[in-house]
Amino acid sequence: MSIGYACLVLGEGNTAFSRCLLKNATDDNIRSITLTNLLALENIIDYNTKNNITLFRISSDIIPFGSHPINKLNWQAEFSETLSRIGEKIKNAGIRVSMHPGQYTVLNSPIDKIADNAVAELNYHALFLDAILTDSKSKIVLHIGGVYGDKSKSIDTFLNNFYALPEFVKKRIVIENDDKNYTAYDVLKISEMAKIPVIFDNLHNMSNPSEGSNNQYDWIELCSKTWGKTDGKQKIHYSQQKPTGNKNAHSSTINIREFMDFYEELNDKNIDIMLEVKDKNLSAIKCINATNNSVSIGEIEKEWAGYKYLVLSCSASFYNDIRNMLKDKNNVDVISFYGIIERAMLLPENIGAQINAAEHIWGYVSTKCTPADKKRFEKLINGYKNNTVNVSSLKKHLLNCAIKQNVKYLKNSYYFYL
DNA sequence: TGACGTCAAGATCCG
DNA sequence: CGGATCTTGACGTCA
């Protein structure tokens, strides 16, 4: 089993993607952004390798306008060396990568131009996965598309357009139940006809449930049968609802207790779980550690190094609870460890705790900083005390100081990114 | 016509 | 000028 995350990394430098607008999409711009993005991807792969993360979704934005006629570059040839170097790293680390064109790639659109664009987009995704030397276990996740007032006709359109795809694209396609049109039942029916593996998405299944009495574990079991030998392990999408607002919005972090309840109910644990969550890699590491019965205290101490200032900035007493918990190195309850961190972050903003944490961090950078940085820190912290400055401004300045002085221990602290 | 979702780029405003 | 904050873009569907 692997647990992974989508597209971007929090708390690690040189992993951010660049983009350009259509009006700026010159060959030179596309070329330089492509290179930036490939090097960012390489850093992400290195990060995943270091953190034992073996499931990852590559952003569709990796090649700017990858399926758009404005991009005339032969990027596969131009960047072949970098692409195959990244591919080798992915293979050596045993990472399974995938891609997922968004809700605007609609293969079954009745408008020819839009369906053609979808074909071009799927081609581009397959070309990219080919260029990094992955096999057919690296999938392209696709929704069925629109309904257009006639679901069975729209399913036929989907099937016809799917059959017409080139083989190198078709072998990578997997289909997913969506949040309003096609239920798990619908998608399985399509899978039966076209032999396409099915990704089950738990949150979509909640907002757009199938008829009948099957629960989500039944659907996962049914979907498992659609994954053949050349497709690799069954993969599902797992996310939790954001407590407030839109019911389809993803939560800021994975609640570990709720995840473990789900995980323990799975009939077959030999399954790949793609998390869809705002804090990305952080939730992936959390779930990987929580499901690893033999996780080392070293891994948890590494996590604590990431979270400690964040927890301190929310509550000194929760901070002390975790410190005490970690003293007994043979008996650390990983679920409780993450549970306290989650509870700390749900507390209302505690000005005293924020000031305490900011001054604590300031202690690491204050002696080597410039007078201007010192002045700015004092201005910001006084402003925060007087309620005229947002805590995020204070954090941003502290991060700038840590980056300038290259204090790695601080730079990677989750305090700055959540 | 605007809401939906995403997230960096671009624009604008402030000191 | 640097920083903070708001708006735009690129995609297609549906009410």
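Each chain gets a letter, A, B and so on, in the order the sequences are listed, and its residues count up from 1.
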Original post:
Touch check for K379(A), heavy atoms < 4.0 angstrom, all strands: base, sugar-phosphate only, or nothing?
Top reply: nothing

Original post:
CG of L122(A) versus P of dC11(C): gap in Å, rounded?
Top reply: 16 Å

**OP:** Begin with the C-alpha distance, continue with both residues' side-chain angles, and end with the deciding distance and a verdict on ring pair (Phe, Tyr, Trp, His ring centres under 6.0 Å) for H143(A) and H100(A).
**Re:** CA-CA 9 Å; H143(A) 293 290; H100(A) 187 7; 5.3 Å; yes

**OP:** Would you indicate, yes or no, if dG12(C) has its OP1 or OP2 atom less than 4.0 angstrom from a side-chain nitrogen or oxygen of N117(A)?
**Re:** yes

Original post:
Taking the side chain of H68(A) as heavy atoms from C-beta outward, which of dC11(C), dT13(C), dT6(B) is closest to it?
Top reply: dC11(C)

**OP:** Name the nucleic acid region contacted by K280(A), choosing base, sugar-phosphate or nothing; use a 4.0 angstrom heavy-atom cut-off, strictly under.
**Re:** sugar-phosphate

**OP:** Could you tell me, to 10°, how much the axis swings from one end of the helix from dT1(B)-dA15(C) to dG15(B)-dC1(C) to the other, five pairs per end?
**Re:** 70°

Subject >> Whole-Å gap separating C1' (dT13(C)) and CG (D179(A)) >> reply: 12 Å

**OP:** Compare side-chain N and O positions of S392(A) against OP1 and OP2 of dA4(C) and report whether any pair is under 4.0 Å apart.
**Re:** no

**OP:** Please report, rounded to the nearest Å, how far the C1' atom of dA10(C) is from the CD1 atom of I63(A).
**Re:** 17 Å

Original post:
Where do D116(A) and K113(A) land on the salt bridge (charged side-chain N to carboxylate O under 4.0 Å, His left out) test, with the steps shown first?
Top reply: CA-CA 5 Å; D116(A) 289 348; K113(A) 178 82 185 95; over 6 Å; no

**OP:** Let me know, please, whether Q103(A) or F17(A) comes out on the 5' side of the other along DNA chain B by nearest nucleotide.
**Re:** Q103(A)

**OP:** Measure from NZ on K396(A) to C1' on dG2(C) and round the result to the nearest Å.
**Re:** 12 Å

**OP:** Would you indicate which nucleotide in dT6(B), dG10(B), dG12(C) comes nearest to any side-chain atom of V106(A)?
**Re:** dG12(C)

Original post:
What does K180(A) touch in the nucleic acid at a heavy-atom separation under 4.0 angstrom: a base, only the sugar-phosphate, or nothing?
Top reply: nothing

**OP:** Name all pairs fulfilling the salt bridge (charged side-chain N to carboxylate O under 4.0 Å, His left out) condition that reach into residues 141-154 of chain A, sequence neighbours left out, sorted by first residue then second.
**Re:** K151(A)-D186(A)

Original post:
Looking across every strand, which nucleic acid part, if any, lies under 4.0 Å from N248(A) by heavy atom: base, sugar-phosphate, or nothing?
Top reply: nothing

Original post:
Which part of the nucleic acid, if any, lies within contact of T105(A), taking any heavy atom under 4.0 Å across all strands shown: a base, the sugar-phosphate backbone alone, or nothing?
Top reply: nothing

Subject >> Position toward the 5' end of DNA chain C (nearest nucleotide), F65(A) or I111(A) >> reply: F65(A)

Subject >> dT13(C) OP1/OP2 closer than 4.0 Å to side-chain N/O of N108(A) >> reply: no

Subject >> Sole candidate of N43(A), T49(A), N51(A), I45(A) that passes side chain to side chain contact (heavy atoms under 4.5 Å, CB included) when paired with Y47(A) >> reply: N51(A)

Original post:
Using the ring of each side chain (for Trp, its six-membered ring), is F377(A) parallel, tilted or perpendicular to W362(A), with breaks at 30° and 60°?
Top reply: parallel

Subject >> Contact under 4.0 Å: K23(A) side-chain N or O vs dA10(C) OP1/OP2 >> reply: no

Subject >> Y338(A) side chain to E303(A) side chain, donor-acceptor N/O pair below 3.5 angstrom >> reply: yes

Original post:
Between dG12(C) atom P and Y148(A) atom OH, what is the distance in whole Å?
Top reply: 10 Å

Subject >> Selected nucleotide, minimal atom distance to N400(A) side chain, candidates dT13(C), dG5(B), dG3(C) >> reply: dG3(C)

Original post:
Of the candidate nucleotides dC7(B), dA4(C), dT13(C), which contains the atom at the shortest distance from the side chain of I114(A)?
Top reply: dT13(C)

Original post:
OP1 or OP2 of dT13(C) sitting under 4.0 Å from any side-chain N/O of Y104(A)?
Top reply: no

**OP:** Would you indicate which nucleotide in dC14(C), dG3(C), dT5(C) comes nearest to any side-chain atom of N390(A)?
**Re:** dT5(C)

Original post:
Which pairs with one or both residues in residues 200-226 of chain A pass salt bridge (charged side-chain N to carboxylate O under 4.0 Å, His left out), sequence neighbours excluded?
Top reply: E221(A)-K225(A)

Subject >> Side-chain N or O of R19(A) closer than 4.0 Å to phosphate OP1/OP2 of dT8(C) >> reply: no

Original post:
Between R376(A) and K113(A), which is nearer to the 5' end of DNA chain C once each is assigned its nearest nucleotide?
Top reply: R376(A)

Original post:
Whole-Å distance between dC14(C) P and D178(A) CG?
Top reply: 10 Å

Original post:
Does S18(A) have a side-chain nitrogen or oxygen under 4.0 Å from the phosphate oxygens OP1 or OP2 of dA9(B)?
Top reply: yes

**OP:** Send over the distance from N24(A) CG to dA8(B) P, rounded to a whole Å.
**Re:** 17 Å

**OP:** Could you state the atom-to-atom distance from CG of D61(A) to C1' of dC7(B) in whole Å?
**Re:** 8 Å

Subject >> Any S239(A) side-chain heavy atom under 4.5 Å of V277(A) side chain >> reply: no

Original post:
Which listed nucleotide (dC7(B), dG12(C), dC14(C)) is nearest to the side chain of N181(A)?
Top reply: dC14(C)

Original post:
Contact class for G146(A) (heavy atom, under 4.0 Å): base, sugar-phosphate, or nothing?
Top reply: sugar-phosphate

Original post:
Any ion pair linking D373(A) and K404(A) (charged N to carboxylate O, less than 4.0 Å)?
Top reply: yes

